[in-house]
Amino acid sequence: MKFIYPVFLGLLTALLPVIGLFSPKVSGFLAGRRNLFIILQRYRNENPGPLAWFHVASLGEYEQARPVIAALKISRENLAVVVSFFSSSGYDHVIKKPQPHVDFITYIPLDRKSWANRFVTILSPEIAFFVKYDLWYHHVLALKKMSVPTFLLAASFRENQIYFTWYGGFFRNILTQLDWIFTQNQQSIELLQKIGVSKTSLAGDTRFDRVAATAQSPKDLADVRTWVQGKPTMVVGSAWEEDMRYLIPLINSKPEYCWIVAPHDLNPEPMDRWASQIELPSKKYSQWTSADSNSVLFIDNIGMLSSLYQFARVAYVGGAFGKGLHNILEPLGFGVPVIFGKVKKAGKFPEAAQSQSVGCGFEIEDENQLQYIFAKLEEDDFYHKAKTSAQNWVSSNLGAADRIVSFIHAKNLST
């Protein structure tokens, strides 16, 4: 694999411009990296001081990095922070608005040796972080060559991953190059120990820090507050077609509720189709005022969802029936019990099983189970137990970011 990998990347580099002629996604991937080194060099020429580099795959990983970025910045105000993205969807979302504690946002180049060396040389970071799983062989080796302390944050490993297979030696080697791995759970430490990786510690899931911070200071959204007026409200986050086929009958049976639906896809067609099947009056947020008498509000924008959970009595988070469960920790951060579909790959979403075990998350397989769980959550005693469980679970998992930064300072790995 050590020899196949650079050949594969060379072929990929040659093929991507051709694929980009037919794929807007690939075209955007290439366009975002145009003049990458020139722009990065300009930034470093203007900002030559000490720098921490965080690399994330996309938006979800960035959210996991943010508490660590904030804690590191607070401890060292003179330290510049650069965040690189692999995914254009994550980059495009984050670049549109100011990011507290982040000084520069860029793409990471493809992991060709010459490009990785050039990228790391220009950045010349004092310390580097990869988040969750998005490790790149030549970039890690370039950091190692420059003796840059390099860490993996929020690591969550599963037994079926390539690192733990008989043919995964190339990928295991990447893990051995890291100075330390901070895991989300004990299982990951045990798996790493089996392959001889011992520089590990259990830090916890930094997402708890993030959702707690959002819950403490959500966007005000006064118009939504006026519309809700204290009525029981259910917020449906990241809804897919598979979720709505069960939710629409529930919505129709509960006219006394306010319903806030944030679709995964902002294409108007699914929203229009769902509205035609819902018997209650509905509006899209872009065409709505708080004086309107609709019972259902479709959120046709990006950026509101995490703060909308402040209005929820109960939340439903979508995706489990499709490509994967979305973020159930966001409503739980507000102490809101959450319902979600049956998770297909439980190992990828351990928070689903954990939330069920503590009594604040509820998995459903069909419409009947959704109706049953919703009815149970209307019982005062059952509801308050679930709400208290959510608050206690989130509270008990706080502090991962501070543990990581304290460990780094204690080991003198960042001067």
Side-chain angles (χ1 to χ4, degrees), residues 228 231-284 294-300 305 308-309 311-332 334 336-346 348-349 351-387 389-390:
V228 167
K231 294 178 184 176
T233 301
M234 184 165 185
V235 175
V236 178
S238 305
W240 290 64
E241 185 68 37
E242 296 89 343
D243 302 298
M244 292 303 293
R245 68 183 175 187
Y246 300 141
L247 283 162
I248 287 173
L250 179 64
I251 293 171
N252 287 335
S253 71
K254 294 291 178 181
E256 69 273 24
Y257 273 72
C258 289
W259 296 88
I260 300 174
V261 180
H264 164 71
D265 184 356
L266 297 186
N267 186 327
E269 190 278 326
M271 282 183 271
D272 292 339
R273 181 161 32 82
W274 297 339
S276 70
Q277 298 168 20
I278 294 172
E279 297 166 3
L280 308 178
S282 64
K283 285 270 191 175
K284 293 176 186 170
N294 56 297
S295 297
V296 181
L297 182 62
F298 287 104
I299 306 301
D300 54 350
L305 177 58
L308 284 167
Y309 289 118
F311 305 111
R313 185 179 190 276
V314 180
Y316 180 100
V317 172
F321 293 118
K323 292 187 176 181
L325 180 65
H326 289 270
N327 192 347
I328 66 169
L329 297 183
E330 286 184 337
L332 293 172
F334 286 93
V336 175
V338 61
I339 305 171
F340 46 87
K342 184 164 181 64
V343 179
K344 295 178 181 178
K345 296 181 179 179
K348 289 188 69 175
F349 307 98
E351 65 272 20
Q354 292 165 12
S355 69
Q356 292 178 79
S357 69
V358 299
C360 56
F362 304 92
E363 186 178 80
I364 60 104
E365 292 190 56
D366 54 35
E367 181 186 333
N368 289 334
Q369 285 188 346
L370 175 59
Q371 295 274 357
Y372 173 77
I373 291 298
F374 191 88
K376 289 292 292 180
L377 287 167
E378 289 193 299
E379 299 174 7
D380 286 343
D381 185 56
F382 188 89
Y383 174 77
H384 287 299
K385 284 182 179 177
K387 185 176 181 67
S389 294

Original post:
Is the backbone N or O of Phe321 less than 3.5 Å from a side-chain atom of Lys344, with the two atoms forming a donor-acceptor pair by type?
Top reply: yes

**OP:** Heavy atoms only: give me the nearest Gly237-Tyr309 pair and the separation to one decimal.
**Re:** CA-OH, 3.5 Å

Original post:
Roughly how far, to the nearest 0.5 Å, is the CG atom of Leu377 from the OH atom of Tyr372?
Top reply: 10.0 Å

**OP:** Check whether any side-chain heavy atom of Val261 sits under 4.5 Å from a side-chain heavy atom of Met244, and report yes or no.
**Re:** yes

**OP:** Describe, in one word, how the ring planes of Trp240 and His326 are oriented to each other, choosing from parallel (under 30°), tilted (30 to 60°) and perpendicular (over 60°).
**Re:** tilted

**OP:** Heavy atoms only: give me the nearest Pro337-Phe362 pair and the separation to one decimal.
**Re:** CB-CE1, 4.2 Å

Subject >> Side chain to side chain, Pro249 and Asn252, heavy atoms closer than 4.5 Å >> reply: no

**OP:** Over all heavy atoms of both residues, which pair between Pro331 and Val338 is shortest? Give the atoms and the distance, please.
**Re:** CG-CG2, 4.0 Å

Original post:
What pair of heavy atoms forms the shortest contact from Leu280 to Pro255, and how long is it?
Top reply: CD2-CB, 3.7 Å

Original post:
Given side chains that start at C-beta, do those of Glu351 and Leu332 come closer than 4.5 Å, heavy atoms only?
Top reply: no

**OP:** Look only at the side chain of Trp259 and the backbone of Lys254, and say whether a donor-acceptor pair between them is shorter than 3.5 Å.
**Re:** yes

Original post:
So, do Glu367 and Leu370 sit near enough that their side-chain heavy atoms are less than 4.5 Å apart?
Top reply: no

Subject >> Point-to-point distance, once rounded to the nearest 0.5 Å, from CD1 of Ile364 to CZ of Phe340 >> reply: 9.5 Å

**OP:** May I ask you to test the Ile260-Leu305 pair for a side-chain heavy-atom distance under 4.5 Å?
**Re:** no

**OP:** Kindly indicate, with the supporting measurements, whether the criterion side chain to side chain contact (heavy atoms under 4.5 Å, CB included) is fulfilled by Leu308 and Ile299.
**Re:** CA-CA 10 Å; Leu308 284 167; Ile299 306 301; 3.6 Å; yes

Original post:
For Ala352 and Val343, which heavy atoms make the closest approach, and how far apart are they?
Top reply: CB-CG2, 3.8 Å

**OP:** Report yes if some heavy atom in the side chain of Phe349 is under 4.5 Å from a heavy atom in the side chain of Ile328; otherwise report no.
**Re:** no

Original post:
Which pair of non-hydrogen atoms, one from Gly341 and one from Glu363, has the smallest distance, and what is that distance?
Top reply: O-CG, 3.6 Å

Subject >> Minimum side-chain heavy-atom gap Cys258-Phe311 below 4.5 Å >> reply: no

Original post:
Between atom SG of Cys360 and atom CD of Gln354, what is the distance when rounded to the nearest 0.5 Å?
Top reply: 10.0 Å

Original post:
Should Tyr383 and Val314 count as side-chain neighbours, where that means a heavy-atom distance under 4.5 Å?
Top reply: yes

Subject >> Value rounded to 0.5 Å, distance of CD1 in Ile278 from CD1 in Ile248 >> reply: 5.0 Å

Original post:
Hey, what do you get for NZ (Lys376) to CD1 (Ile339), rounding to the nearest 0.5 Å?
Top reply: 13.0 Å

Subject >> Residues that Glu242 engages under salt bridge (charged side-chain N to carboxylate O under 4.0 Å, His left out), provided they are two or more places apart >> reply: none

Original post:
Is the Tyr257 to Phe374 ring centre distance short of 6.0 Å?
Top reply: yes

**OP:** Tell me, please, which residues at least two apart from Arg273 pass salt bridge (charged side-chain N to carboxylate O under 4.0 Å, His left out).
**Re:** Glu241, Glu269

Subject >> Salt bridge present between Lys284 and Asp272 (N-O < 4.0 angstrom) >> reply: yes

Subject >> Value rounded to 0.5 Å, distance of CD in Gln371 from CG in Leu247 >> reply: 9.5 Å

Subject >> N/O donor-acceptor pair under 3.5 Å between Ser389 side chain and Val358 backbone >> reply: yes

